[in-house]
2 protein chains.
Amino acid sequence: MAETRIQSLNRAAILEAGLEVFSRRGFRGATLDQIASAAQLSKPNMLYYFPSKEAIHRELLLGLMDAWLDPMRRIDPEGPALDEMLGYVRRKMALTRHYPRESRLFANEVLQGARHIDDTLGGELKELVDRTAAQMTEWIRAGQLAPVDPHHTIISIWALTQHYADFDVQVRAVLGEDDPLARAERHVDQVFRRLLTPPDARSAGA
Amino acid sequence: MAETRIQSLNRAAILEAGLEVFSRRGFRGATLDQIASAAQLSKPNMLYYFPSKEAIHRELLLGLMDAWLDPMRRIDPEGPALDEMLGYVRRKMALTRHYPRESRLFANEVLQGARHIDDTLGGELKELVDRTAAQMTEWIRAGQLAPVDPHHTIISIWALTQHYADFDVQVRAVLGEDDPLARAERHVDQVFRRLLTPPDARSAGA
DNA sequence: TGGCTATTTGACCGATCGGTCAAAACGAGG
DNA sequence: CCTCGTTTTGACCGATCGGTCAAATAGCCA
């Protein structure tokens, strides 16, 4: 009873189309006809693979959350504090560069109340953040990071990195550039380097 | 032919209701019935004051843009560089605290392509940003600000301040606090203080 | 009070929404 | 070729969308 080749192909096409449309229009703004035509399927044919609009949306969000949390999970408590934090920033920025639609899908969802994922937000995500914040507190106590509010620092990393995906229309309009992300990556690294470098390490290095 | 009392009262009620609904649902997700019932008016009665859903939305966005740009306009080239920049950050954060719905309205619009305001984005906004960035470049040359990318620093200020309004569901879920903004204001000040304080001024002050 | 304008409303319209259904077309094994 | 399960489709459904309209009502000034 395994998935046939045509099934997995069509399911993938529908999810790809759903990502495209949901990320640009939001859940209520997207229509099944738009998704179906983007997937080059008829509407009833699409509903043969997914029972409803909600089901497509839910599957996209579910698949998203894991990839979204992964960069934070990969922070190594044994590694050098500043490098670990800047590595996290870099990995999160890579998500923005390579998966801007996923970022906008998430932004749309949270902006409109996050009704479909509020359990994940208050559960798995909060646990992971609390654990990472505790690790940062240790690093600060050990003098490996400058004193900061760990929770709000994590939120700042999200804010800065996701902004380049979610508001890219505005970013491009204001910068007038084709590829703002090269500069953006250097800038974001600089922001958190200056925020997190402990005072007694400031004379050394570039 | 001036506006009567009842006209200005009803128009205000409609705009207030429109802000509430548009900011939580986005343009396409909002319905005229929702806005009308929030304004305690019948739908045809509401359309007696505004010709269409678009007209309500457009008037809200127009009124918004001016207030949104004001904190940046009030940066004083004659003032002390760091204080002026941190003052801008503080004013922008005050908008987030007092007008989160306006922030979400704007976020919804930009997220979905900013089709209703792209002329403002590429015109008035870009000019103001370029002028402010030029001022920052002077300050950097004079050693009053640490070397940064001015454009991306401005974008960072937007990203951090607006994030607390646009993603407040996520912020509250992760922090588990009732009023995250008190801490947030201190944190955001710290981020840009460390980013912008010139190297030779770091030994002085707190 | 009468009369005129400004305001409000219920009923309704065509378009579009998410979703259903029965029937047709397809495809692999015999 | 036939058979049977899988896949695809056109036609259609009730609900809801943004918006209209004629008629009813309220407010105001002579």
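Order of the sequence lines fixes the chain letters, A, B, ..., with proteins taken first and strands second; residue numbering starts at 1 for each chain.
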Contact residues, residues 29-44 of chain B to DNA chain C [heavy atom, < 4.0 Å] = B:Ser42, B:Pro44
With a 3.5 Å cut-off and sequence neighbours excluded, list the donor-acceptor pairs that the side chains of residues 32-45 of chain A form with protein atoms.
{"residue": "A:Gln34", "atom": "OE1", "partner": "A:Thr31", "partner atom": "N", "Å": "3.2"}
{"residue": "A:Ser42", "atom": "OG", "partner": "A:Asn45", "partner atom": "N", "Å": "3.3"}

Residues in contact with DNA chain C, drawn from residues 52-62 of chain A - heavy-atom cutoff 4.0 Å = A:Ser52, A:Lys53
Between the protein and nucleotides 23-30 of chain D, list every N/O to N/O distance that falls short of 3.5 Å.
none

Not counting sequence neighbours, which residues clear side-chain contact (heavy atoms from CB on, under 4.5 Å) with B:Pro147? List them please.
-> A:Arg194, B:Ile140
Could I get the full list of side-chain contact (heavy atoms from CB on, under 4.5 Å) partners for B:Asp76, not counting sequence neighbours?
-> B:Glu78, B:Glu84
Who are the side-chain contact (heavy atoms from CB on, under 4.5 Å) partners of A:Ser23, not counting sequence neighbours?
-> A:Arg101, A:Arg104, A:Leu105
For A:Ala81, which residues count as a side-chain contact (heavy atoms from CB on, under 4.5 Å) partner, sequence neighbours excluded?
-> A:Trp139, A:Gln144, A:Leu145
With sequence neighbours excluded, what pairs up with A:Lys53 under the side chain to side chain donor-acceptor pair (under 3.5 Å) test?
-> none
Please round to 10 degrees the angle between the axis of the first five pairs and the axis of the last five pairs in the helix from C:dT1-D:dA30 to C:dG30-D:dC1.
-> 10°
Distance-only check: which donor-acceptor pairs under 3.5 Å involve side-chain atoms of residues 175-182 of chain A, not counting sequence neighbours?
{"residue": "A:Asp179", "atom": "OD1", "partner": "A:Leu181", "partner atom": "N", "Å": "3.3"}

Name the atoms and distances for all side-chain donor-acceptor pairs under 3.5 Å in residues 184-191 of chain B, with sequence neighbours left out.
{"residue": "B:Glu185", "atom": "OE2", "partner": "B:Arg97", "partner atom": "NE", "Å": "3.0"}
{"residue": "B:Glu185", "atom": "OE2", "partner": "B:Arg97", "partner atom": "NH2", "Å": "3.4"}
{"residue": "B:His187", "atom": "NE2", "partner": "A:His152", "partner atom": "O", "Å": "3.1"}
{"residue": "B:His187", "atom": "NE2", "partner": "A:Ser156", "partner atom": "OG", "Å": "2.6"}
{"residue": "B:Asp189", "atom": "OD1", "partner": "B:Arg193", "partner atom": "NE", "Å": "3.0"}
{"residue": "B:Asp189", "atom": "OD1", "partner": "B:Arg193", "partner atom": "NH2", "Å": "3.3"}

Between the main-chain N or O of B:His116 and the side-chain N or O of B:Glu109, is there a donor-acceptor pair closer than 3.5 Å?
-> yes
